[in-house]
Amino acid sequence: MDSPALDYLNPPSGDAHVSPPPRPYAPETRVTHVVFPGTTNHHGTLFGGEALSFMDSAAFIAATRYCRRKVVTRHLDAMEFSRPIPQGTLVELVARVVKTGRSSMTVLVELFIEQMSSDHRELGCTGTFVLVALGEDGQPTPVPRLGA
């Protein structure tokens, strides 16, 4: 049975107001995935392309949340794999807007590896993505300055 206190969009009658959960820190996004067999190679580790897809998606979410506009990936600067990412582990992607330009945002994405049965985490790979905000006309549009 659902708890009425958890459904802030449809509060039970009689409740004056139930507050929504706090908004995440805008320049940072965290996303978690499980490394399932269908995403691994013949070594039983995550395909590099799958890791790149996870990371690009996290960068997209972080940039979108930051500027609240349409965004596209413009550039992938450096992608570095520190260790293999085994099947059956959890991966947490931490994506942070670390720099802004006129219409661009540089997003650092770190992929952490966690065993399901342990608190231990290790950095598996990092990547730096540049995304550009687009206006209604499909052209680059200004984004807020970081820290402004």
Side-chain angles (χ1 to χ4, degrees), residues 2 5-11 17-148:
D2 291 337
L6 297 178
D7 190 0
Y8 63 89
L9 295 176
N10 300 304
H17 179 72
V18 177
S19 298
R23 211 178 146 191
Y25 176 58
E28 181 179 283
T29 292
R30 291 173 179 261
V31 180
T32 306
H33 293 278
V34 178
V35 179
F36 287 114
T39 61
T40 59
N41 58 29
H42 62 289
H43 299 292
T45 59
L46 187 67
F47 277 115
E50 289 289 334
L52 179 59
S53 177
F54 288 167
M55 294 172 80
D56 188 34
S57 180
F60 169 84
I61 293 167
T64 299
R65 279 181 155 173
Y66 179 76
C67 72
R68 296 295 175 176
R69 292 177 173 79
K70 294 178 187 177
V71 299
V72 293
T73 303
R74 172 78 169 102
H75 182 75
L76 167 59
D77 186 27
M79 177 86 169
E80 184 171 340
F81 290 88
S82 306
R83 56 188 31 86
I85 303 164
Q87 175 183 311
T89 56
L90 300 173
V91 292
E92 181 181 27
L93 299 116
V94 179
R96 284 185 300 281
V97 176
V98 295
K99 180 181 172 188
T100 57
R102 189 187 76 73
S103 61
S104 66
M105 294 152 286
T106 301
V107 181
L108 172 66
V109 182
E110 297 172 307
L111 183 150
F112 293 93
I113 306 165
E114 295 180 28
Q115 297 299 320
M116 287 195 197
S117 59
S118 165
D119 288 345
H120 180 73
R121 346 175 354 121
E122 305 179 278
L123 183 62
C125 58
T126 59
T128 304
F129 296 76
V130 177
L131 294 97
V132 174
L134 301 178
E136 293 301 318
D137 60 357
Q139 296 302 308
T141 191
V143 297
R145 284 186 26 225
L146 191 62

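We count residues from 1, following the sequence as given.
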Flag the pair M116 / V34 as yes when at least one side-chain heavy-atom distance between them is below 4.5 Å, and no otherwise. yes
OG1-CG distance between T126 and L93, expressed to the nearest 0.5 angstrom: 11.5 Å
Going through the checks in order, is the side chain to side chain contact (heavy atoms under 4.5 Å, CB included) test met by F112 and V94? CA-CA 8 Å; F112 293 93; V94 179; 3.9 Å; yes
Which atom of L123 lies closest to which atom of R83, heavy atoms considered: O-NH1, 3.0 Å
Minimum heavy-atom separation for F81 and G48, please, with both atom names. CZ-CA, 3.8 Å
Under 3.5 Å, is there a donor-acceptor pair between the side chain of T40 and the main chain of P37? yes
Value for CD (E136) from CZ (R69), rounded to nearest 0.5 Å, stands at 10.0 Å
So which heavy atom on T29 is nearest to which on A62, and how close? OG1-CA, 3.3 Å
Separation between NZ of K70 and OG1 of T64, rounded to the nearest 0.5 Å: 11.5 Å
Correct closest heavy-atom pair for V132 and P140 would be CG1-CB, 3.9 Å
Close side-chain approach of M79 to M55, heavy-atom, < 4.5 Å: yes
Rounded to the nearest 0.5 Å, how far does CG of L131 lie from CZ of R74? 11.5 Å
Less than 4.5 Å apart, side chain to side chain, heavy atoms only: is that true for M105 and C67? yes
Does a side-chain heavy-atom distance below 4.5 Å link Y66 with T100? yes
Can you tell if the side chain of T106 reaches within under 4.5 Å of the side chain of V130, non-hydrogen atoms only? yes
Distance, nearest 0.5 Å, that separates CD of E28 from CZ of R96: 5.5 Å
Heavy atoms, side chains only, cut-off 4.5 Å: are E50 and V35 in contact? no
Verify the neighbour count for atom CZ of R102: are there more than 12 heavy atoms of other residues, nucleotides or ligands below 6.0 Å? yes
Would you say T45 and I85 make side-chain contact, with heavy atoms under 4.5 Å? no
Which atoms form the tightest heavy-atom contact between S104 and V143, and what is the distance? O-CG2, 3.7 Å
So, taking the atom named CD in Q87 and the one named OG1 in T39, what distance separates them when rounded to the nearest 0.5 Å? 7.5 Å
Search all heavy atoms of V107 against all heavy atoms of A95 and return the closest pair with its distance. CG1-CB, 3.9 Å
With side chains defined as the heavy atoms from C-beta onward, is the minimum distance between S82 and E122 less than 4.5 Å? no
